Trainee: 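The structure that follows is given in the form of structure tokens.
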There are 2 protein chains.
Amino acid sequence: MKTFDQYQNPALAVDLVVLGYQLGQLQVLLLNRKEAPFANRWTLPGAFLQFTETFQQTCHRILDSKLGMRNLYLEQLYSFDQPDRDPRGRVIAVAYYALINPANYKTAAGTMANDVKWFPVHELPDPAFDHQNIIQTALKRLQAKILYQPTGFELLDQDFTIADIQELYECILGRELDRRNFRRKFLDARYILPTGAKRGNLKNRHPELYRFNKDLPLQKFHLNIELP
Amino acid sequence: MKTFDQYQNPALAVDLVVLGYQLGQLQVLLLNRKEAPFANRWTLPGAFLQFTETFQQTCHRILDSKLGMRNLYLEQLYSFDQPDRDPRGRVIAVAYYALINPANYKTAAGTMANDVKWFPVHELPDPAFDHQNIIQTALKRLQAKILYQPTGFELLDQDFTIADIQELYECILGRELDRRNFRRKFLDARYILPTGAKRGNLKNRHPELYRFNKDLPLQKFHLNIELP
DNA sequence: CAACTTAACGTCATTATGACGCAAAGTAAA
DNA sequence: TTTACTTTGCGTCATAATGACGTTAAGTTG
């Protein structure tokens, strides 16, 4: 039985679209690249796959060691194969995306090294390589995903108000939703359950806090919202 | 600027799940493998990515040269990374799936070389490598896809009856649907348009022939069917 | 022309959705 | 202590979509 080590294989990189929700905006985490090519440009965090690693292991190596993040939602996004996507040679990128709540990390705006930064998805710099393309693919995936899987909750605190989650949905979907119909849907369908507590320290009426209903059968979650 | 050719990179294979609808059943195309490992076992058609190829080019190389198929629906499925998925060494598989109408090719049952064969998806042999896993991933993807994209039509003749397409949906989704409600949905929403012709040569009433409505805005296509 | 089968069309009750109105709770200003 | 203002929470109504199912029409076979 022969092996394949002697053939010329493309290099294999794993790139991560880390998405967080902060200050009412969906944000992407980018790194400022030091080396050529694309020195001083912003890029997705990434690493080359080590020979014995799985993709997930590479992801966790990047997230844990470089960014101090763990226990997050992670899913394979797509594999990118344009032959000229890296000027150094043939590099295939397997992209994953992660959803995190920035409040759980020291990565809130301002508390990070200046080569790591959150960018609101509508104010992105022109990133290196084909990373713009990868980011847009992730955003489209997320738009589709939150309509049939309760993944949006990964971006919020465990306890949240209905206004919180509605703003998150509006931000991701890029359209406004009727407050009262949104509430009705999430409550009637029991996607969320009241905790009994309310959020205080507010100027106006104190809203109730809710939590995702962990007992919800996954195939029951479905929102019928048209994209703009 | 350095290149990466000198590193030890995993081999990169492209594997194809070719799906066809025939004899009222969804079928997968498998090849009988001649060489070790897994000699005499059935596998997905596949090939190693050549250094300058895109994934799609590899797919077309496999489909065109080995199977004589072209002009088909092709979409990236998922990338498989289990380190032990190939006993010859580390091989990453980027899987694509293709939807074809077998009637358009000489690959109808019985007209093929005996090392190429269609298998109904519920009567699969135990395939080599992790190909069972890849096939099941493709079937789940197809189930989800036909509910929000009009991809099912790729598996049928251009002109079809409502019974044809309903049987296709029932077969892919694995559940029965009400004949009258199915018709109502597809006609009222103008997913399909009448051609004016009817299918003759039948024992009973001759059904009208329809065609997919090419002018349908894609975001309008949506079926609200729960999976079993 | 009677029997049989599939296609085509229709009805009705229930549920989901879109578009709103209005009262309650809380803070801040008068 | 009112009054103004804002956000939350609850409710209504019309319309659209869906599930369940009955009836008639078209065609073949005996």
Side-chain angles (χ1 to χ4, degrees), chain A residues 24 146-148 150 156-157 159-170 173-211 216-217 219-228, chain B residues 24 146-148 150 156-157 159-170 173-211 216-217 219-228:
Chain A
I146 60 168
L147 298 182
Y148 66 93
L156 296 176
D157 291 334
D159 293 7
F160 48 81
T161 67
I162 296 186
D164 288 340
I165 192 170
Q166 181 182 343
E167 280 157 32
L168 173 66
Y169 268 78
E170 289 182 335
L173 297 175
R175 57 166 289 196
E176 300 204 333
L177 303 169
D178 184 89
R179 192 171 51 83
R180 292 146 294 187
N181 295 338
F182 188 89
R183 146 188 291 275
R184 177 180 57 188
K185 176 73 175 177
F186 272 70
L187 289 180
D188 287 0
R190 295 175 59 82
Y191 296 161
I192 58 178
L193 299 174
T195 64
K198 300 189 182 210
R199 176 177 292 164
N201 288 333
L202 291 177
K203 210 178 69 163
N204 300 311
R205 180 169 178 175
H206 297 175
E208 284 194 65
L209 288 169
Y210 294 85
R211 189 169 291 185
L216 184 77
Q219 77 272 17
K220 290 286 178 194
F221 187 92
H222 184 260
L223 301 174
N224 229 321
I225 303 175
E226 267 191 50
L227 296 180
Chain B
I146 61 169
L147 297 181
Y148 67 93
L156 297 176
D157 291 336
D159 293 7
F160 48 81
T161 67
I162 295 186
D164 288 340
I165 193 171
Q166 182 182 343
E167 280 158 33
L168 172 67
Y169 268 79
E170 290 182 335
L173 298 175
R175 56 165 288 196
E176 300 203 334
L177 303 169
D178 184 89
R179 198 165 43 86
R180 293 146 292 190
N181 295 338
F182 189 88
R183 147 188 290 276
R184 177 179 58 189
K185 176 73 176 178
F186 273 69
L187 288 180
D188 288 1
R190 296 176 57 83
Y191 295 161
I192 57 178
L193 300 173
T195 63
K198 300 187 183 215
R199 176 178 292 165
N201 288 333
L202 292 176
K203 212 178 64 162
N204 301 309
R205 180 169 179 174
H206 297 176
E208 284 194 65
L209 288 169
Y210 294 86
R211 190 169 291 184
L216 184 78
Q219 77 272 16
K220 290 287 178 193
F221 186 92
H222 184 260
L223 301 173
N224 229 321
I225 302 175
E226 266 192 49
L227 295 179

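If you're wondering where the values come from, they're calculated on a predicted model, not measured in any experiment. The chains referred to below are lettered A, B, ... by the order of the sequence lines, with proteins before strands, and numbering in each begins at 1.
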Trainee: Take the protein atom CD1 of A:Ile192 and the nucleotide atom C1' of D:dG9, then report the distance between them rounded to whole Å.
Mentor: 13 Å
Trainee: For side chain to side chain contact (heavy atoms under 4.5 Å, CB included), just list the numbers for B:Phe160 and B:Ile192, CA-CA rounded to whole Å, side-chain angles, deciding distance to a tenth of an Å, and then say yes or no.
Mentor: CA-CA 10 Å; B:Phe160 48 81; B:Ile192 57 178; 3.8 Å; yes
Trainee: I need the CZ-P distance between A:Arg175 and C:dT17, as an integer number of Å.
Mentor: 12 Å
Trainee: What integer distance in Å separates B:Asn201:CG from C:dT6:C1'?
Mentor: 16 Å
Trainee: Please report the interatomic distance CZ(A:Arg183) to CG(A:Asn181), rounded to the nearest 0.5 Å.
Mentor: 11.5 Å
Trainee: Atom CZ of B:Phe186 and atom C1' of C:dA7: how far apart are they, to the nearest Å?
Mentor: 17 Å
Trainee: Tell me the interatomic distance from B:Asn224, atom CG, to C:dA16, atom C1', rounded to whole angstroms.
Mentor: 9 Å
Trainee: Between A:Glu176 (CD) and C:dC20 (P), how many Å, whole number?
Mentor: 13 Å
Trainee: Does the salt bridge (Lys or Arg N to Asp or Glu O under 4.0 Å) test come out yes or no for B:Asp164 and B:Arg199, once each step is laid out?
Mentor: CA-CA 11 Å; B:Asp164 288 340; B:Arg199 176 178 292 165; 2.8 Å; yes
Trainee: May I ask you to verify if any side-chain N or O of A:Lys185 is less than 4.0 angstrom from the OP1 or OP2 atom of C:dA16?
Mentor: no
Trainee: Take the protein atom CZ of A:Phe182 and the nucleotide atom P of D:dG9, then report the distance between them rounded to whole Å.
Mentor: 13 Å
Trainee: Looking for any heavy atom pair under 4.0 Å, which part of the strands does B:Asp188 touch: base, sugar-phosphate only, or nothing?
Mentor: nothing
Trainee: Less than 3.5 Å between a donor and an acceptor, one on the side chain of A:Arg184 and one on the base of C:dG18, is that the case here?
Mentor: yes
Trainee: Below 3.5 Å between N/O atoms, which protein atoms pair up with nucleotides 4-8 of chain D? Just atom names and distances, please.
Mentor:
residue: D:dT6; atom: O2; partner: A:Asn204; partner atom: OD1; Å: 3.2
residue: D:dT7; atom: O4'; partner: A:Asn204; partner atom: ND2; Å: 3.4
residue: D:dT8; atom: O2; partner: A:Arg205; partner atom: NH1; Å: 2.9

Trainee: Just wondering, are more than 12 heavy atoms of other shown residues or ligands nearer than 6.0 Å to CZ in A:Arg175?
Mentor: yes
Trainee: Check for a donor-acceptor pair, side chain of A:Asp157 on one end and backbone N or O of A:Asp159 on the other, with a separation under 3.5 Å.
Mentor: no
Trainee: Atom CZ in A:Arg184, atom CZ in A:Arg179: separation rounded to 0.5 Å?
Mentor: 12.5 Å
Trainee: So how far off straight is the helix from C:dC1-D:dG30 to C:dA30-D:dT1, going by the axes through five pairs at either end, to 10°?
Mentor: 10°
Trainee: Would you mind telling me which residue lines up with the more 5' stretch of DNA chain D, B:Ile225 or B:Arg180, judged by nearest nucleotide?
Mentor: B:Ile225
Trainee: For residues B:Ile162 and B:Leu187, determine if any side-chain heavy atom of one lies less than 4.5 Å from a side-chain heavy atom of the other.
Mentor: yes
Trainee: Is there side-chain contact between A:Tyr169 and A:Leu177, with at least one heavy-atom pair below 4.5 Å?
Mentor: yes
Trainee: Below 3.5 Å, can you tabulate the donor-acceptor pairs from side chains in residues 219-228 of chain B to any protein atom, sequence neighbours excluded?
Mentor:
none

Trainee: Which is more 5' along DNA chain C, the nucleotide nearest B:Asn181 or the one nearest A:His222? Just name the residue.
Mentor: B:Asn181
Trainee: Whole angstrom is fine here: how far is it from CG in B:Asp178 over to C1' in C:dT11?
Mentor: 13 Å
Trainee: Tell me what B:Leu202 touches on the nucleic acid: a base, only sugar-phosphate, or nothing, going by heavy atoms under 4.0 Å.
Mentor: sugar-phosphate
